[in-house]
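Contents: one structure, followed by commentary.
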Amino acid sequence: MTDPIRRIGPWQVHRTKVSFKNPWIRVESSDVTHPDGSPGIYGVVRLANLATGVLPIDNDAATWLVGQHRFPFDAYSWELPEGGGAKDVDPQVSAARELEEEAGVKADSWALLGTWPLSNSVTDEIAYGYVAWDTEAGAAAPEPSEELALKRMPFAELVDRCLKGDITDAFTVLMALTALERARRSDLPEPVCALLLRDLD
């Protein structure tokens, strides 16, 4: 008995099998007919969690970056606090947990910057990015498996380093530049707009 043919946009999907699965990802391989009628295979990585990230901004117009070695690229990376959370949990709650764990920072005020598919040709991951202010700094408490460094940096310097290509993490660049542009358009609450633009205008 053959599987019924499904349609995903212009693709016909004949059969899908799970090639690999662990608590964080599921790798699927589908036999497909391409939009031009040719046969092929389409691989998709399905994520168990949502991605979350936060741009915290303090009263001195500074933010916090987390440094860590990224396994897939065998390279060190400086990034805004990022992590993941279960799909049945409010992503802001997950982002607040990651902010406190990785940077030791709590924030009373939050705004959603945007939601982004980070690699939409091969994964179904959705990233929720926030800006947070009215912050209080404390002690970080990363997970035992993480080896993290922490750096406080003026937001203006973060923007400059993103534009120069010194900081390459896509989620960090998205959050920083989106926050900057939305502040310039007064499309965020006035207190955080003032902080984001303080050293840039």
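The first residue of the sequence shown is numbered 1, and numbering continues consecutively from there.
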Distance, nearest 0.5 Å, that separates [atom1] of [X] from [atom2] of [Y]:
X    : Y    : atom1 : atom2 : value
W64  : L80  : CH2   : CG    : 11.5 Å
I57  : L196 : CD1   : CG    : 5.0 Å
F155 : L195 : CZ    : CG    : 10.5 Å
M175 : L158 : CE    : CG    : 9.0 Å
E190 : S186 : CD    : OG    : 8.5 Å
R184 : L197 : CZ    : CG    : 7.0 Å

Practice problem: Please step through side-chain contact (heavy atoms from CB on, under 4.5 Å) for the pair L65 and I167, ending with a clear verdict. | Solution: CA-CA 10 Å; L65 294 180; I167 291 175; 3.8 Å; yes
In this structure, would [X] and [Y] fall into the same cluster of hydrophobic residues linked by side-chain contacts under 4.5 Å?
X    : Y    : result
V122 : W11  : no
L180 : L163 : yes
V173 : M153 : yes
L200 : L188 : yes
I41  : V44  : no

Any donor-acceptor pair under 3.5 Å linking the side chain of [X] with the backbone of [Y]?
X    : Y    : result
R7   : Q12  : no
R182 : L113 : yes
D60  : A62  : no
R198 : N59  : yes
D199 : A61  : no
R97  : G85  : no

Considering all heavy atoms of both residues, which atom of [X] and which atom of [Y] are nearest to each other, and what is their separation?
X    : Y    : answer
A51  : E125 : CB-OE2, 3.4 Å
T52  : P91  : CG2-O, 3.5 Å
P117 : N120 : CB-CB, 3.9 Å
K151 : W78  : CB-CZ3, 3.6 Å
A107 : A132 : CB-CB, 3.6 Å
F171 : A127 : CZ-CB, 3.5 Å

Exercise. Answer yes or no: are there more than 12 heavy-atom neighbours, outside F73 itself, under 6.0 Å from its atom CZ?
Key: no
Practice problem: Could you tell me whether K21 atom NZ has more than 12 heavy atoms of other residues or ligands within 6.0 Å of it? | Solution: no
Practice problem: Can you tell me which residue pairs pass the side chain to side chain donor-acceptor pair (under 3.5 Å) test with a partner in residues 27-49, sequence neighbours excluded? | Solution: H14-T33, R15-D31, T16-S30, R26-E28, E28-R46, D36-S38
Practice problem: Among residues two or more places apart or on two chains, list those pairs meeting side chain to side chain donor-acceptor pair (under 3.5 Å) that have a residue in residues 159-176. | Solution: E82-T172, D160-K164, D169-T172
Exercise. Report the C-alpha separation of I25 and F20 in whole Å, then their side-chain angles, then the decisive distance to 0.1 Å, and conclude whether the side-chain contact (heavy atoms from CB on, under 4.5 Å) test is met.
Key: CA-CA 8 Å; I25 64 172; F20 175 79; 4.1 Å; yes
Exercise. Give the C-alpha distance, both sets of side-chain angles, the deciding distance and a yes or no for side-chain contact (heavy atoms from CB on, under 4.5 Å) between V131 and V54.
Key: CA-CA 6 Å; V131 60; V54 56; over 6 Å; no
Does the side chain of [X] reach to within under 4.5 Å of the side chain of [Y], using non-hydrogen atoms?
X    : Y    : answer
D108 : E136 : no
I5   : V13  : no
L55  : W133 : no
P81  : P56  : yes
H69  : D74  : yes

Practice problem: Run the salt-bridge test on E100 and K106 with the 4.0 Å N-O cut-off and return the result as yes or no. | Solution: yes
Quiz item: Under 30°, 30 to 60°, or over 60°: which ring-plane class applies to Y130 and Y128, parallel, tilted or perpendicular?
Solution: parallel
Practice problem: Assess whether side-chain contact (heavy atoms from CB on, under 4.5 Å) is satisfied between T123 and L118, documenting all intermediate values. | Solution: CA-CA 8 Å; T123 84; L118 294 181; 5.8 Å; no
Quiz item: Any chance the side chains of E79 and S77 put a donor and an acceptor closer than 3.5 Å?
Solution: yes
